[in-house]
Asker: 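For reference, the structure I am asking about is given below.
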Amino acid sequence: MKFKKWQKALCYTFLALVLLGMYIPIIILVIYSFTEAKSIGVWTGFSFELYKELFTDSEIMGAILNSVILALVSATLATFLGTLAAIGIYHMRKTPRRILENVNRITMVNADIVTAVAFMLFFIAVRFIPDGWATLIISHTMVCTPYVVMSVMPRLTQLNPNLYEAGQDLGASPIRVLFTVLLPQLIGAMLSGFMLSVTISLDDFVITKFNGGSEVETISVYLYNKLKKGVKPVLRAMSTLILVVISLILVAINIVQSRRAKARKKAAEV
């Protein structure tokens with residue numbers, strides 16, 4: 001479509017306003033994390049004092065450590081389960097494959113509060129699962145797994161469909177074909193799914209709060225509990241640190257996807 005100059009100007013203006021509305025509060029938060037002022041709007045000079053306080057606060061560092069452990073464990077399990085599920089779904093017939101692909105999207109499009117309550121009721125009914133780490137790891141893994149499936153499935157569609165059978169014809173067992181033929185071809189997609197799972201787990205609050213938040217305090221639960229009592233200045237530094245970590249993960253995801261795209265393009269040219 002061809003746009004007139006005033007239409008282009010209107011589009012760019014609207015886009016600029018949207019971006020400013022989204023990022024100005026974040027930029028202000030980052031700027032005021034480098035001052036000791038108790039409230040935003042008062043600048044008392046550039047300082048790293050809030051970051052020093054952040055890294056010397058055992059309660060905050062404990063919440064960060066819990067979040068990182070939870071994210072890494074659940075992302076690892078989700079990557080393993082999601083990759084196997086994607087391979088199984090891909091080799092199904094058309095109708096059951098389509099049904100399972102739609103079922104896989106339910107958790108992704110469903111409201112977090114519904115998923116959180118469903119897991120909570122399940123853990124209440126299944127009494128042998130202890131509250132805390134076990135319930136959190138299970139719930140986070142189940143929430144992250146569909147994203148891994150969605151990351152791996154496109155890569156599977158690009159592989160030679162006869163690759164698995166060719167490996168078996170050469171004398172390899174199904175397990176050996178899986179680990180020596182299929183999985184090496186899926187490493188990039190698995191890594192993207194893993195990093196996406198880490199981001200989702202770090203960002204989650206509702207499911208964490210409903211399924212073990214009182215037993216294991218993560219970053220999101222810690223922030224929620226502290227904000228009820230008032231905003232501490234150190235939370236500005238903590239929020240900035242979370243922003244930086246998640247941004248780095250997203251940049252890494254984009255780099256991996258970009259390299260995968262270039263590799264596929266070179267392979268197609270050859």
Side-chain angles (χ1 to χ4, degrees), residues 25-40 47-79 107 111-113 115-120 122-124 129-145 147 194-253:
I26 298 176
I27 294 172
I28 292 175
L29 175 69
V30 173
I31 291 173
Y32 279 92
S33 69
F34 294 99
T35 183
E36 297 181 53
K38 293 184 178 180
S39 60
I40 291 179
S47 173
F48 287 103
E49 192 62 34
L50 293 182
Y51 289 92
K52 293 180 182 179
E53 183 179 350
L54 171 65
F55 288 106
T56 56
D57 191 317
S58 59
E59 188 177 8
I60 296 178
M61 295 308 296
I64 293 175
L65 180 61
N66 289 340
S67 296
V68 172
I69 293 174
L70 177 60
L72 293 177
V73 173
S74 59
T76 301
L77 294 175
T79 302
T107 306
D112 281 350
I113 186 66
T115 305
V117 171
F119 276 119
M120 182 184 68
F122 171 76
F123 292 132
I124 291 175
I129 300 179
D131 292 336
W133 281 108
T135 53
L136 283 176
I137 290 174
I138 292 173
S139 57
H140 277 235
T141 300
M142 293 299 101
V143 169
C144 294
T145 298
Y147 292 92
F194 174 80
M195 291 187 290
L196 184 59
S197 298
V198 170
T199 304
I200 292 169
S201 179
L202 289 175
D203 186 57
D204 183 80
F205 166 72
V206 178
I207 294 173
T208 304
K209 183 64 177 177
F210 275 70
N211 297 280
S214 59
E215 301 292 334
V216 180
E217 192 174 53
T218 61
I219 295 174
S220 58
V221 176
Y222 174 84
L223 285 172
Y224 174 78
N225 293 333
K226 293 301 179 183
L227 288 175
K228 291 190 297 184
K229 302 176 183 178
V231 180
K232 295 174 60 177
V234 70
L235 296 183
R236 302 199 297 265
M238 181 179 176
S239 300
T240 302
L241 184 63
I242 296 171
L243 172 66
V244 171
V245 171
I246 292 179
S247 298
L248 290 176
I249 293 175
L250 292 176
V251 169
I253 292 174

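Only a predicted model underlies this, so the values are computations on that prediction, with no experimental measurement involved.
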Asker: Working to the nearest 0.5 Å, report the span between CG of D203 and CD1 of I242.
Answerer: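 Reported to 0.5 Å precision, the distance equals 9.0 Å.
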Asker: Might you point out which heavy atoms bring K52 and T56 nearest each other, and give the distance in Å?
Answerer: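 Where K52 meets T56 most closely, the heavy atoms are O-OG1, 2.8 Å.
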Asker: Please verify the inter-ring angle class for F205 with Y224; under 30° counts as parallel, over 60° as perpendicular, anything in between as tilted.
Answerer: tilted
Asker: Going by heavy atoms in the side chains, are I207 and T115 under 4.5 Å from each other?
Answerer: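 Touching, per the 4.5 Å side-chain cut-off.
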Asker: So L50 and F34, do their side chains get closer than 4.5 Å, heavy atoms only?
Answerer: no
Asker: Do L223 and M238 make a side-chain contact, defined as non-hydrogen atoms from C-beta onward lying under 4.5 Å apart?
Answerer: yes
Asker: Return yes if some donor-acceptor pair links the side-chain N/O of T135 with the main-chain N/O of D131 below 3.5 Å, else return no.
Answerer: no
Asker: Between L241 and F55, is the side-chain contact (heavy atoms from CB on, under 4.5 Å) condition met? List the steps.
Answerer: CA-CA 11 Å; L241 184 63; F55 288 106; 4.2 Å; yes
Asker: So do the side chains of Y147 and T79 get within less than 4.5 Å of each other, counting heavy atoms only?
Answerer: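 Y147 does not reach T79 side chain to side chain.
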Asker: Any chance OH of Y51 has more than 12 other-residue heavy atoms, nucleotides or ligands included, within less than 6.0 Å?
Answerer: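 Buried by this count: over 12 neighbours within 6.0 Å.
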Asker: For the backbone of H140 and the side chain of S74, can you confirm whether one donor and one acceptor N or O come within less than 3.5 Å of each other?
Answerer: no
Asker: Give a yes-or-no answer on whether the side chains of D204 and T208 include a donor-acceptor pair shorter than 3.5 Å.
Answerer: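 Per modelled atom types, D204 and T208 side chains form a pair under 3.5 Å.
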Asker: Would you say L70 and V216 make side-chain contact, with heavy atoms under 4.5 Å?
Answerer: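 In short, these two side chains do not touch, never coming nearer than 4.5 Å.
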Asker: With a 4.5 Å heavy-atom cut-off, do I138 and F123 have their side chains touching?
Answerer: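 Heavy-atom side-chain distance check passes, below 4.5 Å.
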Asker: Whether the side chain of S201 engages the backbone of S197 through a donor-acceptor N/O pair (distance < 3.5 Å, no angle test) should be reported.
Answerer: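 No; judged by distance alone, with no hydrogens or angles, the pair does not exist.
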Asker: As an exercise, state the distance from CD1 of I124 to CD1 of I129, rounded to the nearest 0.5 Å.
Answerer: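 Between I124 CD1 and I129 CD1, I get 12.0 Å after rounding to 0.5 Å.
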Asker: What closest approach, in Å, do E36 and R236 show between heavy atoms, and which atom pair accounts for it?
Answerer: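 Looks like C-NH2, 4.4 Å.
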Asker: So, for S67 and T218, which heavy atoms are closest and what is the spacing to 0.1 Å?
Answerer: OG-CB, 3.2 Å
Asker: Where do V30 and T240 come nearest, in terms of heavy atoms and distance?
Answerer: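 Smallest heavy-atom distance, with atoms named: CA-OG1, 3.7 Å.
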Asker: Could you give me the CA-CA distance, side-chain angles and deciding distance for I64 and Y222, then say whether side-chain contact (heavy atoms from CB on, under 4.5 Å) is met?
Answerer: CA-CA 9 Å; I64 293 175; Y222 174 84; over 6 Å; no
Asker: Just jot down the side-chain contact (heavy atoms from CB on, under 4.5 Å) partners of L65, sequence neighbours excluded, or say none.
Answerer: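 Partners of L65 under the side-chain contact (heavy atoms from CB on, under 4.5 Å) test: I69.
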Asker: Kindly compute the distance separating CG (D112) from CZ (F210), expressed to the nearest 0.5 Å.
Answerer: 10.5 Å
Asker: If you measure from CG on L77 to CD1 on I137, what distance do you get to the nearest 0.5 Å?
Answerer: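 Here the rounded value is 7.0 Å.
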Asker: Does the side chain of N225 reach to within under 4.5 Å of the side chain of K209, using non-hydrogen atoms?
Answerer: yes
Asker: With distance as the sole test, does N211 use its side chain to make a donor-acceptor pair with the main-chain N or O of M120 at under 3.5 Å?
Answerer: yes
